[in-house]
Protein chains: 2
Amino acid sequence: MKALLKQNIAKHISLLENEIEDFCNLFKQKLIPKKNFLLREGEICKFEGFVTKGLFRVYHIDKNGFEQILYFAIENWWITDIDSFTAETPSQLFIEALEDSEVLIISKKDKEFAYANLPQIEKLFRVMTQKTHVALQRRMIDNLSKTAESRYIEFTEKYPQLLQRLSNIQIAAYLGITNVFLSNIRKKIAVKK
Amino acid sequence: MKALLKQNIAKHISLLENEIEDFCNLFKQKLIPKKNFLLREGEICKFEGFVTKGLFRVYHIDKNGFEQILYFAIENWWITDIDSFTAETPSQLFIEALEDSEVLIISKKDKEFAYANLPQIEKLFRVMTQKTHVALQRRMIDNLSKTAESRYIEFTEKYPQLLQRLSNIQIAAYLGITNVFLSNIRKKIAVKK
DNA sequence: TCAAAACATTAAACTAGTTTAATAAATAAA
DNA sequence: TTTATTTATTAAACTAGTTTAATGTTTTGA
């Protein structure tokens with residue numbers, strides 16, 4: 001059950017077998033059926049999660065009721081609201097399962113225990129946060145400089161496996177456009193071919 | 001000269017006086033006159049910097065020649081291209097001084113030395129990267145959900161000290177709009193008052 | 001298995017933001 | 001001090017993306 005997690009950690013840092021074992025034992029499995037929430041706006045995010053099955057969306061609802069998707073998470077991805085988690089303030093985000101999902105959860109307390117007792121864990125999360133940050137920085141530049149059409153094309157190229165599991169409504173909310181306009185883009189692309 | 005740096009570090013973590021001293025000694029001062037570059041596209045970013053005087057812009061030039069500003073950095077801010085720095089790949093960014101500036105630089109090698117020998121430094125950069133990431137996440141949501149006008153108003157409220165030191169061209173490149181449209185926005189706001 | 005809900009597409013009117021170009025004002029350079 | 005360069009503003013035509021609404025299709029759930 002935790003093989004995927006161990007493998008994922010090993011990709012980032014090298015730990016002794018017993019250290020990785022100790023760390024993984026701090027995680028508990030949680031099943032989240034489709035359309036259920038791992039986190040809702042207003043709650044304080046007290047966990048960090050690692051998805052072992054299914055698909056989540058992390059999104060925000062603005063004051064006009066529109067949804068902006070910050071990211072998706074499928075198997076092998078980490079998931080949390082890092083803002084609420086670190087500052088212990090009410091979250092502005094929802095984390096919702098778009099499929100029946102399974103996630104390994106570590107509590108804030110246990111994570112702090114790991115920081116204090118397994119020095120390499122500090123490195124693990126530094127490295128992971130760096131990578132996440134780099135990815136978001138690239139997305140920010142793309143959003144500032146590219147048209148919705150090329151953002152869509154790049155999305156389909158970068159995440160083909162996600163594409164099949166998402167509705168166009170979700171993809172549009174990630175790209176920052178309406179699903180109506182996404183439909184236009186898709187038509188335009190289809191005609192080209 | 002390094003008082004500002006020490007103070008900034010102390011805000012994030014608690015270190016013994018000799019540890020903070022050892023760490024700060026790894027930094028070297030660099031003077032960058034206005035319009036000069038700390039980093040250019042194509043170079044590998046081999047440093048992390050802490051601004052003690054002046055003002056920098058970190059920006060990207062897209063294939064149409066337009067500039068997108070990822071962030072500004074004034075006194076007391078950190079500055080690097082974390083993507084190029086961690087992956088040791090050619091940077092896609094420019095870091096340019098907009099005023100005569102002074103920056104304290106730590107090399108990649110010395111930073112790794114610090115990670116290996118001062119365990120708290122790992123925490124320092126984990127915490128700093130988290131905070132930077134949270135800020136970028138909020139900016140991403142704002143860019144997806146808000147109009148240019150409200151993004152401009154919020155920028156003026158959040159960074160009043162920056163506002164006076166930047167041209168509208170720079171602010172527009174940060175907001176992701178043209179300076180012509182920013183001019184329209186400013187007029188509209190002025191009329192309202 | 002049937003009704004209800006969610007989804008994708010299309011059209012048409014609209015608006016936020018761009019483009020190009022011209023002009024005046026401010027800053028920098030010689 | 002004069003000239004050149006950068007900056008801010010305005011106008012007018014344009015385009016990328018939105019809004020609303022209607023229609024058919026697919027998925028869901030009772």
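Proteins get letters first, then strands, A, B, ... in listed order; numbering begins at 1 in each.
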Atom-pair distance (CG on A:Asn179; P on C:dA6), nearest Å: 14 Å
Length of the line joining A:Asp100:CG and D:dT28:C1', which is rounded to integer Å: 13 Å
Members besides A:Ile44 in its Ile/Leu/Val/Met/Phe/Trp/Tyr cluster (side-chain heavy atoms under 4.5 Å): none
Salt bridge flag under 4.0 Å for residues B:Arg165 and B:Glu75: yes
Residue closer to the 5' end of DNA chain D, B:Arg186 versus A:Lys146 (nearest nucleotide): B:Arg186
Gap between atoms CZ and C1', on B:Phe181 and D:dA12 respectively (whole Å): 15 Å
Nearest-0.5 Å distance, CG of residue B:Asn168 to CG of residue B:Leu182: 5.0 Å
Positions of residues 156-173 of chain A (non-hydrogen atom under 4.0 Å from DNA chain C), listed by number: A:Ser167, A:Asn168, A:Ile169
Cationic tip of A:Arg139 above A:Tyr71 ring, under 6.0 Å, 45° of axis: no
Enumerate all atom pairs, one protein N or O and one N or O from nucleotides 20-28 of chain C, separated by less than 3.5 Å.
unit_1: C:dA28; atom_1: OP1; unit_2: B:Lys34; atom_2: NZ; d: 3.4

N/O donor-acceptor pair under 3.5 Å between B:Thr80 side chain and B:Gly49 backbone: no
Gap separating the NZ atom of B:Lys108 from the CZ atom of B:Phe47, nearest 0.5 angstrom: 12.5 Å
Toward the 5' end of DNA chain C, by each residue's nearest nucleotide, A:Ser183 or B:Gly176: A:Ser183
Protein-nucleotide distance (A:Glu149, atom CD; D:dT15, atom C1'), rounded to Å: 13 Å
Donor-acceptor side-chain pairing of B:Tyr174 and B:Arg57 below 3.5 angstrom: no
Atom-pair distance (CG on A:Leu182; P on D:dA16), nearest Å: 16 Å
Residues from residues 54-74 of chain A lying under 4.0 Å of DNA chain C - heavy atoms: none
Residue among A:Val51, A:Leu162, A:Thr52 satisfying side-chain contact (heavy atoms from CB on, under 4.5 Å) with A:Ile74: A:Leu162
Phosphate-side-chain proximity, A:Thr178 and D:dG17, N/O vs OP1/OP2 below 4.0 Å: no
Nearest-Å distance for atom pair CD/C1', residues A:Glu99 and D:dT28: 15 Å
Donor-acceptor side-chain pairing of A:Gln68 and A:His60 below 3.5 angstrom: yes
A:Cys45 backbone acceptor or donor facing A:Ser84 side chain under 3.5 Å: yes
Nucleotide C:dG17, atom C1' - distance to NZ of B:Lys187 in whole Å: 16 Å
Euclidean distance, B:Thr178 OG1 relative to B:Ile169 CD1, rounded to 0.5 Å: 11.0 Å
Residue pairs fulfilling salt bridge (Lys or Arg N to Asp or Glu O under 4.0 Å) with at least one residue in residues 33-45 of chain B, sequence neighbours excluded: none
A:Asp62 side-chain N/O to A:Asn64 backbone N/O, donor-acceptor pair under 3.5 Å: yes
Donor-acceptor contact below 3.5 Å, side chain B:Asn117 vs main chain B:Phe113: yes
Between C:dT10 (P) and A:Asn184 (CG): distance, integer Å: 8 Å
Between the first and last five pairs of the helix from C:dT1-D:dA30 to C:dA30-D:dT1, the angle of the axes, rounded to 10 degrees: 60°
